Amino acid sequence: RAVGNTTTDNTNADGAYGLTAEQAKDETFDLMIAAYDNVATTTATSLYYLAANPHVQEKVVTELRAEMGWLFNKGDMSSLVSQTTYDKLTRKSLPYLGAVLQEVLRVQPIAPIIDRRLEQDLHVGNYTIPKDSFVYMSA
């Protein structure tokens, strides 16, 4: 059975499937790196597009100042932490910033190609793609 980069059979004496401690560590590390890379890439790409589009950047800053003015006040970092809540960081309270991030992900997606296995035959024009074929969609 394949798990991550390993190709060993992971059944125990009872025949139950499981990961070894080393495999669990490797999988956890892979997930952490993948999450970090996605956040870092999205952040860097967003900052690039904001720098390249100052009119958009100004609207984002205006929205942030209107909704989170306390963030721009110099002073005690403990007040910054205590006043930061999930609700204040969502698209509900920052709709323009949310739209900008959605646009960045549309233009420069993290996963530029998505694959799917067809559950039934697919007819496209004069072509038929048979059931169980994999189709690839480019974002």
Side-chain angles (χ1 to χ4, degrees):
R1 170 135 190 162
V3 177
N5 294 330
T6 63
T7 56
T8 58
D9 180 11
N10 295 319
T11 54
N12 62 21
D14 299 327
Y17 175 77
L19 295 174
T20 66
E22 185 69 20
Q23 289 169 328
K25 182 187 75 151
D26 289 346
E27 291 300 310
T28 302
F29 180 75
D30 288 349
L31 288 171
M32 286 174 35
I33 294 300
Y36 169 80
D37 186 53
N38 287 343
V39 170
T41 300
T42 301
T43 301
T45 304
S46 299
L47 291 173
Y48 167 78
Y49 281 113
L50 285 171
N53 296 280
H55 63 287
V56 173
Q57 183 183 80
E58 185 56 38
K59 286 183 181 181
V60 168
V61 169
T62 299
E63 181 179 70
L64 285 170
R65 283 193 173 129
E67 292 296 320
M68 302 170 68
W70 51 268
L71 183 64
F72 294 92
N73 296 332
K74 295 182 178 167
D76 184 14
M77 286 299 288
S78 64
S79 66
L80 170 67
V81 173
S82 67
Q83 294 181 48
T84 303
T85 65
Y86 176 79
D87 289 338
K88 290 182 179 181
L89 299 175
T90 62
R91 275 192 268 164
K92 184 177 181 179
S93 64
L94 300 168
Y96 191 77
L97 177 60
V100 167
L101 293 174
Q102 289 296 314
E103 181 65 3
V104 167
L105 290 170
R106 184 191 70 79
V107 172
Q108 194 77 36
I110 294 169
I113 297 176
I114 301 168
D115 67 329
R116 295 285 186 265
R117 183 182 58 82
L118 295 178
E119 295 180 357
Q120 60 188 25
D121 288 353
L122 176 65
H123 303 285
V124 180
N126 295 329
Y127 300 96
T128 299
I129 304 171
K131 176 183 174 182
D132 293 326
S133 295
F134 281 90
V135 293
Y136 298 90
M137 298 167 275
S138 176

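As the structure is a computational prediction, the values presented were derived from the model and not from experiment.
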Chemist: With Ser133, which residues qualify under side-chain hydrogen bond (donor to acceptor under 3.5 Å, both in side chains), at least two apart?
Modeler: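 Once residues adjacent in sequence are excluded, Ser133 has no partner under the side-chain hydrogen bond (donor to acceptor under 3.5 Å, both in side chains) criterion.
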Chemist: Other than Val124, which residues form its hydrophobic cluster under the rule that side-chain heavy atoms must be closer than 4.5 Å?
Modeler: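 Members alongside Val124: Leu118, Leu122, Ile129, Val135.
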Chemist: Among all residues two or more places apart in sequence or in another chain, which pass the salt bridge (charged side-chain N to carboxylate O under 4.0 Å, His left out) test with Lys25?
Modeler: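 Only Glu22 meet the salt bridge (charged side-chain N to carboxylate O under 4.0 Å, His left out) criterion with Lys25.
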Chemist: Testing Glu67, Glu63, Lys59 for side-chain contact (heavy atoms from CB on, under 4.5 Å) with Leu97, which one passes?
Modeler: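 Among Glu67, Glu63, Lys59, the one meeting side-chain contact (heavy atoms from CB on, under 4.5 Å) with Leu97 is Glu63.
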Chemist: Which value, rounded to the nearest 0.5 Å, describes the distance between Thr20 atom OG1 and Asp26 atom CG?
Modeler: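 Answer rounded to 0.5 Å: 7.5 Å.
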Chemist: Mind checking salt bridge (charged side-chain N to carboxylate O under 4.0 Å, His left out) for Glu103 and listing every partner two or more places apart, or none if nothing turns up?
Modeler: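 So Glu103 forms a salt bridge (charged side-chain N to carboxylate O under 4.0 Å, His left out) with Arg106.
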Chemist: Do Val56 and Leu105 land in one hydrophobic cluster if side-chain heavy atoms of ILVMFWY residues count as linked below 4.5 Å?
Modeler: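 Cluster IDs for Val56 and Leu105 differ.
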Chemist: Sequence neighbours excluded and cut-off under 3.5 Å, please list the side-chain donor-acceptor pairs for residues 44-51, or say none.
Modeler:
| residue | atom | partner | partner atom | Å |
| --- | --- | --- | --- | --- |
| Thr45 | OG1 | Thr41 | O | 2.7 |
| Ser46 | OG | Thr42 | O | 2.7 |

Chemist: Tell me the salt bridge (Lys or Arg N to Asp or Glu O under 4.0 Å) pairs involving residues 111-123, sequence neighbours left out?
Modeler: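 Those involving residues 111-123 are Arg117-Asp132.
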